[in-house]
Amino acid sequence: VLEMHVEVPPGQTLAEAHERVSQLERNVQSRMPEVVEVVTHIEPAFVTAAVPANLEQCEAVTAQALSLLQARFPGLDWHQIRVQPSPNGELTLTAHVILSPQTTVEAAHTLAEQAELLLRTSIPHLERVTIHTEPPD
């Protein structure tokens with residue numbers, strides 16, 4: 001069973017959203033036969049006033065994010081930090097961090113949530129943050 005939240009444009013009708021999400025569910029099941037059921041929760045996408053993002057802004061946010069993460073979580077290998085503008089002009093950030101192979105999934109998830117909260121509360125116009133936790137190669 002795959003459960004997921006699906007964000008749709010906030011002004012979209014329930015009928016339109018449901019049709020698009022139902023098609024997504026069918027696509028997932030056709031490409032992943034091991035998934036016997038897809039459960040979705042439709043949510044309005046978080047939209048704020050658009051702020052144009054440029055390369056310099058993305059680079060500055062990347063540097064700021066790395067600095068914040070290294071200060072809050074010293075000794076961890078933060079890498080592949082990418083900042084990109086989203087369609088509505090806000091910014092999205094993804095980052096990878098290497099954790100000990102013995103780290104529990106619960107502990108890794110807690111660290112990722114703490115990092116996401118740190119970045120979202122410290123950096124203006126950061127709409128979405130995704131932290132990918134991984135053991136060393």
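FYI, the numbering just counts along the sequence from 1.
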> What's the verdict on side-chain contact (heavy atoms from CB on, under 4.5 Å) for Thr133 and Val105, showing C-alpha distance, side-chain angles and the deciding distance?
Replying inline: CA-CA 9 Å; Thr133 58; Val105 171; over 6 Å; no
> What do the steps show when you test Met4 against Leu24 for side-chain contact (heavy atoms from CB on, under 4.5 Å), and what is the final call?
Replying inline: CA-CA 11 Å; Met4 64 179 149; Leu24 172 66; 3.9 Å; yes
> Could you walk me through whether Ile123 and Val129 pass the side-chain contact (heavy atoms from CB on, under 4.5 Å) check?
Replying inline: CA-CA 11 Å; Ile123 301 175; Val129 176; over 6 Å; no
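No hydrogens or angles considered: a donor-acceptor pair under 3.5 Å links the side chains of Arg26 and Gln23. No hydrogens or angles considered: nothing links the side chains of Glu106 and Thr104 as a donor-acceptor pair under 3.5 Å.
Pairs of residues two or more places apart, or lying in two chains, that qualify as ring-ring contact (aromatic ring centres under 6.0 Å, His included) and include a residue from residues 87-123 are His79-His96, His96-His132.
When hydrophobic clusters are built by joining Ile, Leu, Val, Met, Phe, Trp and Tyr residues whose side-chain heavy atoms come closer than 4.5 Å, directly or via intermediates, Leu111 is grouped together with Leu66. By the criterion of side-chain heavy atoms lying less than 4.5 angstrom apart, applied directly or through intervening Ile, Leu, Val, Met, Phe, Trp or Tyr residues, Leu93 is not grouped with Ile98; the two fall into different hydrophobic clusters.
Between the CD atom in Glu90 and the CD atom in Gln84 there is a gap of 14.5 Å [rounded to 0.5 Å]. Taken to the nearest 0.5 Å, the CD1 atom of Ile81 stands 13.5 Å off from the SG atom of Cys58. Taking CD from Glu134 and CD from Gln80, the interatomic distance works out to 6.5 Å, rounded to the nearest 0.5 Å. Atoms CD1 and CD, from Ile131 and Gln114 in turn, are 11.5 Å apart once rounded to the nearest 0.5 Å. For the atom pair CD of Glu25 and CD of Glu37, the computed distance is 9.0 Å after rounding to the nearest 0.5 Å. Taken to the nearest 0.5 Å, the CG atom of Leu119 stands 4.5 Å off from the CG atom of Leu69.
Nearest approach of Thr130 to Glu116, heavy atoms of both residues: CA-OE2, 4.3 Å. Closest approach of Val21 to Ile42, counting heavy atoms only: CG2-CG1, 3.8 Å. When all heavy atoms of Gln57 and Leu91 are compared, the closest pair comes out as NE2-CD1, 4.0 Å. Nearest heavy-atom pair, Ala108 versus Leu99, reported as atom, atom and distance to 0.1 Å: CB-CD1, 3.7 Å. Shown here for Pro135 and Pro101, the closest heavy-atom pair between the two residues is CB-CA, 4.1 Å. The nearest pair of heavy atoms linking Thr121 to Leu117 is OG1-O, 2.8 Å.
At least one donor-acceptor pair closer than 3.5 Å links the side chain of Ser22 to the backbone N or O of His18.
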